[in-house]
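This structure is a prediction, so every number in the text was calculated from the model and none was measured. FYI, side chains are in, hydrogens and waters are out, and symmetry mates aren't considered; it's all heavy atoms of this structure.
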Amino acid sequence: MMDLQGFGHLLLSGALMTIQLALASLAIGLVIGLLGAAAKLSPSPFLRIPATLYTTLVRGVPELLLVLTLYYGGAQLLMWGASFFGYDEYIEVGAFAAGVAALAIAFGAYATEVFRMAMLEVPKGQWESAQSMGMSRGQTFFRIIFPQVWRLAIPGLGNLFQVLLKDTALVSVIGLNELMRQASVGSAATKHPFDFYLAAAILYLALTLLATLVTEILERLSKPELRGRRA
């Protein structure tokens, strides 16, 4: 039986912070992934080459290194930029902002490949058919292409989000009070590390199962043929 000795609220507050961190990173990462996929499929080398370098570099670097780099190096970068405008005061980068930026950049790199593969699955003839009906490229993408891309990308994005949920634990190293850090605090205060880390593991598992359920619901909603079928 787990004995959290009145520190259970720490884990709940940490779980809430984990959810906020994951959702913020997801929102930004999806935008990065969609733009990255469009850039990698662009005929222009000025878009395609930087996008390829981005995905290659980010996928080859540990997420922990990204977190540390953005947290400690982000302040220096901002101060360097601000110096051009005559501002010479210290600029601090918050742990939440650095964590969201790092996780979003990492998620975006993998989401780029998911979106890219989904875009390649859509027949090119649909572009020509829509444009022959008078639609602009923007209208064609958002009305015809994107709904299909989204449907094809949901399973892969769902898997990436589950990885993202677990990667939020990395942000504990820069002091953000997410689930893993709060488990560490409770463990140190009560001298019961097994109870707190087991409770944290159960909460992570619950969040992962919830993410799986949401992914399945989104898949069902995106496929009319599955809407009336029970899981």
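The salt bridge (charged side-chain N to carboxylate O under 4.0 Å, His left out) pairs that include a residue from residues 32-51 are K40-E113, where partners are two or more places apart or lie in different chains. Residue pairs meeting the side-chain hydrogen bond (donor to acceptor under 3.5 Å, both in side chains) criterion with at least one partner in residues 157-176, sequence neighbours excluded, are Q162-T212. Note on residues 14-38: no pairs pass salt bridge (charged side-chain N to carboxylate O under 4.0 Å, His left out), not counting sequence neighbours. Counting only residues at least two apart or in different chains, side-chain hydrogen bond (donor to acceptor under 3.5 Å, both in side chains) contacts with residues 20-33 are absent. Here salt bridge (charged side-chain N to carboxylate O under 4.0 Å, His left out) pairs that include residues 52-65, with residues two or more places apart or in two chains, number zero.
Heavy atoms only, all atoms of each residue included: T112 and I32 are closest at OG1-O, 3.9 Å. Shortest non-hydrogen contact noted between A200 and L179 is O-CD2, 3.8 Å. Taking every heavy atom of both residues into account, L165 and Y204 meet most closely at O-CE2, 3.9 Å. Residue V67 comes nearest to L170 through the heavy atom pair CG1-O, 4.4 Å, listed as atom of the first residue, atom of the second, then distance. The nearest pair of heavy atoms linking F196 to A183 is CB-O, 3.7 Å. Between I174 and G99, the shortest heavy-atom contact is CD1-N, 4.4 Å.
The closest donor-acceptor contact from the side chain of Q126 to the backbone of V122 lies at 3.5 Å or more, if one exists at all. Without hydrogens or angle criteria, S132 side chain to S129 main chain gives a donor-acceptor distance under 3.5 Å. Formation of a donor-acceptor pair under 3.5 Å by the E178 side chain with backbone atoms of R181 is found in this model. Remark: side-chain polar atoms of Y54 are not paired, donor with acceptor, to backbone N or O of I49 under 3.5 angstrom.
Residue V163 is not grouped with residue I28 when hydrophobic side chains (ILVMFWY) are merged at heavy-atom distances under 4.5 angstrom, including chains of intermediate members. With hydrophobic clusters built from ILVMFWY side chains whose heavy atoms lie under 4.5 angstrom apart, L77 does not share a cluster with Y71. Under a hydrophobic clustering in which Ile, Leu, Val, Met, Phe, Trp and Tyr are joined whenever their side-chain heavy atoms come within less than 4.5 Å, directly or via other members, I154 and V214 fall into the same cluster. Note on Y72 and L64: same hydrophobic cluster, where clusters join Ile, Leu, Val, Met, Phe, Trp and Tyr whose side-chain heavy atoms are under 4.5 Å apart, directly or indirectly. In terms of hydrophobic clustering, with Ile, Leu, Val, Met, Phe, Trp and Tyr side chains grouped at heavy-atom distances under 4.5 Å, L30 and M117 are assigned to a common cluster.
The side chain to side chain donor-acceptor pair (under 3.5 Å) test applied to S13 returns Q182, not counting sequence neighbours. With sequence neighbours excluded, the residues that form a side-chain contact (heavy atoms from CB on, under 4.5 Å) with V93 are A75, L78, A98. With sequence neighbours excluded, the residues that form a side-chain contact (heavy atoms from CB on, under 4.5 Å) with L47 are A39, S42, S44. Residues satisfying the ring pair (Phe, Tyr, Trp, His ring centres under 6.0 Å) criterion with F84, sequence neighbours excluded, are W80. The side-chain contact (heavy atoms from CB on, under 4.5 Å) test applied to A118 returns V149, L152, A153, not counting sequence neighbours. When the side-chain contact (heavy atoms from CB on, under 4.5 Å) test is applied to F141, the partners found at least two apart in sequence or on another chain are L34, M119, W127, I145, F146.
The line from CZ of F161 to OG1 of T215 is 8.0 Å long, rounded to the nearest 0.5 Å. Once rounded to the nearest 0.5 Å, the distance linking CG of L164 with OH of Y110 reads 12.0 Å. How far CG of L11 is from NE2 of H9: 9.0 Å, rounded to the nearest 0.5 Å. Here the CG-NE2 distance, from L198 to H192, works out to 13.0 Å after rounding to the nearest 0.5 Å. In this structure, CG on D195 lies 7.0 Å from OG1 on T190, to the nearest 0.5 angstrom. Summarising the geometry, atom CD belonging to E219 is positioned 11.0 Å from atom CD1 belonging to I217; distances are rounded to the nearest 0.5 Å.
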Worked verdict on M79 versus Y87 for side chain to side chain contact (heavy atoms under 4.5 Å, CB included): CA-CA 8 Å; M79 290 174 62; Y87 187 84; over 6 Å; no
Side chain to side chain contact (heavy atoms under 4.5 Å, CB included) between L41 and F115, intermediate numbers included: CA-CA 10 Å; L41 293 174; F115 278 125; over 6 Å; no
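Considering only heavy atoms from C-beta on, L70 comes within 4.5 Å of I105 through its side chain. By the 4.5 Å heavy-atom criterion applied to side chains, S184 and Y197 are counted as neighbours. In this structure, I144 and M135 have side chains that are in contact, with non-hydrogen atoms separated by less than 4.5 Å.
Using a 4.5 Å cut-off between side-chain heavy atoms of Ile, Leu, Val, Met, Phe, Trp and Tyr, L209 falls into a hydrophobic cluster with L205.
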